[in-house]
Student: 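Take this structure, written in C-alpha cells, and hold onto it; I'll ask about it next.
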Amino acid sequence: MTETAVEKVTFDADGVTLAGLLHLPATADRGLPAVVVAGAWTSVKEQMAGLYARRLAERGFAALAFDFTGYGESGGEPRDVESPSLKARDLSHAVSFLSSLDRVAPARIGALGICAGGAFAAVAAADDPRIASLALVAPGLQDGELMRLALGGEEAFTARLAEGQKARAHFEETGEVEYVLGVSETDSTAAMFGPYAYYLDPARGAIPEWGNRWATMAWAEWLTFEPQPAADRITAPVLIVHSESAGIPVGARRFADRLTGARELVWLEGRGQFDFYDAEPTVTESVDNVARHLHATL
C-alpha cells in the first residue's frame with residue numbers, strides 16, 4: 001500500500017467553520033481522485049470515517065473525513081443535533097473544499113457513506129451533481145416502515161416522535177437543548193440502548209473526541225427522514241457493500257431497486273453492523289471494494 005500523510009484542514013459551511021482530516025498519498029501530486037467520507041450518526045472524524053479515509057489514501061485517493069456542523073472540532077450551534085438535511089449540505093461544502101485543492105481533480109470527486117453516513121451521502125449525491133461516484137458501506141437507508149419496525153411499532157414510533165417535537169418546541173422557546181446519552185447499556189433513555197460494543201469500548205469507538213450524547217429534539221427530524229427517494233435522482237454510479245447480518249439490509253435492497261443508473265451490490269456474509277466500522281477482515285474487504293469502484297468510475 002502507498003504511504004500516507006494527513007493534514008488538519010478547515011473549510012466553510014454557510015458561515016460555520018468545519019474541521020477535517022485530509023488523508024493523502026505521501027507522494028501526492030496533482031489531479032488526484034478524491035472522496036469525502038461520512039460516518040455513522042453522532043460520530044466524529046476520528047472514528048470510522050477517519051479509518052476509511054486513511055485506508056483510501058493508501059489506495060491513491062485524497063480522502064477527507066470531517067466533523068459535521070455542531071460536532072467534534074467543528075463550529076456551529078446547537079451542539080450534537082443529528083440533522084440529516086444539514087449533514088447532507090455539509091457534504092456538499094466538503095466537495096467544494098476538495099474541488100478548491102490544487103492536488104485534486106475537480107471532476108473526480110466521489111462520496112463514501114458508512115451506516116447513517118450512507119443516507120447522508122445518498123441525499124448529497126442526489127442533490128449535488130459534482131459527486132461523480134457514490135459508495136455506501138452498511139448503509140442505514142431507512143423509510144417510515146423500517147423505522148417503525150426498528151422502534152417496535154407505531155405506538156413507540158409516535159411516542160418518540162412526540163418526544164422530539166416537544167424538545168424542539170422547548171428549544172425554540174427557550175434556547176435550551178435537552179440531551180440524553182448517545183449509547184448506554186444501563187440508561188434506557190439513550191438513543192441507542194443496549195450492548196453496542198463499538199461505542200462502549202475505548203479501544204474502538206468510545207474515544208475522547210466523541211461526545212456520546214443525543215439532542216432529544218433531533219428525533220423530530222430523524223424519524224421523518226427518508227433517504228429512499230434520493231435513489232430516484234442519483235445519476236452517479238453506486239456501489240453498496242452490506243451484509244444480511246448488518247443493519248437494515250432490506251433498506252439497501254429497496255434503495256438499489258430504485259436506482260436508475262449503474263449499480264453494484266456486494267454482500268459480505270456473516271458481518272455485523274459494527275464489523276464494518278473497524279473490524280478485520282471486514283474493513284479491508286469493504287475498502288478494497290470501494291477503492292475498486294471509485295478507481296473505475298472517477
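Along the sequence shown, residues are numbered consecutively beginning with 1.
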Student: Between F68 and F66, is the gap from one ring center to the other below 6.0 Å?
Tutor: yes
Student: Would you compute the distance between atom CG of L223 and atom CD of Q165 and round it to the nearest 0.5 angstrom?
Tutor: 9.0 Å
Student: Kindly say whether V44 contributes a backbone atom to a donor-acceptor pair with the side chain of D67 at under 3.5 angstrom?
Tutor: no
Student: So, R168 and E178, do they make that salt bridge, N to O below 4.0 Å?
Tutor: no
Student: Flag yes if more than 12 heavy atoms outside E3 fall under 6.0 Å of its CD atom; otherwise flag no.
Tutor: no
Student: Between E244 and R271, is there a side-chain N and carboxylate O pair less than 4.0 Å apart?
Tutor: no
Student: Would you mind checking if R160 and E163 are paired as a salt bridge, meaning a charged N to carboxylate O distance below 4.0 Å?
Tutor: yes
Student: Take atom CD in E173; do more than 12 heavy atoms of anything else shown fall under 6.0 Å from it?
Tutor: no
Student: Not counting sequence neighbours, list each pair that qualifies as a side chain to side chain donor-acceptor pair (under 3.5 Å) and has a residue in residues 197-213.
Tutor: T42-W210, D80-R213, R204-D278
Student: If only side-chain N and O atoms count, and only distance matters, is there a donor-acceptor pair under 3.5 Å linking Q47 with Y52?
Tutor: no
Student: Please check if the side chain of R263 supplies one atom and the backbone of T260 the other of a donor-acceptor pair under 3.5 Å.
Tutor: no
Student: Between R55 and E280, is there a side-chain N and carboxylate O pair less than 4.0 Å apart?
Tutor: yes
Student: Would you tell me whether E221 and S85 have side-chain atoms, one donor and one acceptor, within less than 3.5 Å of each other?
Tutor: yes
Student: Has E154 got more than 12 heavy atoms of other residues, nucleotides or ligands less than 6.0 Å from its CD?
Tutor: yes
Student: Within the side chain of R130, is there an N or O that forms a donor-acceptor pair under 3.5 Å with the backbone of D128?
Tutor: no
Student: Please indicate whether E172 has more than 12 foreign heavy atoms, meaning atoms of other residues, nucleotides or ligands, lying under 6.0 Å from its CD.
Tutor: yes
Student: Taking only Lys NZ, Arg NE, NH1 and NH2, and the carboxylate oxygens of Asp or Glu, determine whether R233 and D127 approach each other closer than 4.0 Å.
Tutor: yes
Student: Hey, is K8 close enough to E73 for a salt bridge, meaning N to O under 4.0 Å?
Tutor: yes
Student: Any side-chain donor paired with an acceptor under 3.5 Å for E176 and H170?
Tutor: yes
Student: Please confirm whether the backbone N or O of G247 pairs with a side-chain atom of H242, one donor and one acceptor, at under 3.5 Å?
Tutor: yes
Student: Find the distance between OG (S286) and CG (L239) and round it off to the nearest 0.5 Å.
Tutor: 9.0 Å
Student: Classify the ring geometry of F11 against F97: parallel below 30°, tilted from 30° to 60°, perpendicular beyond 60°.
Tutor: parallel
Student: Are a donor atom and an acceptor atom from the side chains of D12 and H93 found within less than 3.5 Å of each other?
Tutor: no
Student: Just verifying a value: how many Å separate L141 CG and L136 CG, rounded to the nearest 0.5 Å?
Tutor: 6.0 Å
Student: Can you classify the ring geometry of F61 versus H295 as parallel (below 30°), tilted (30 to 60°) or perpendicular (above 60°)?
Tutor: tilted
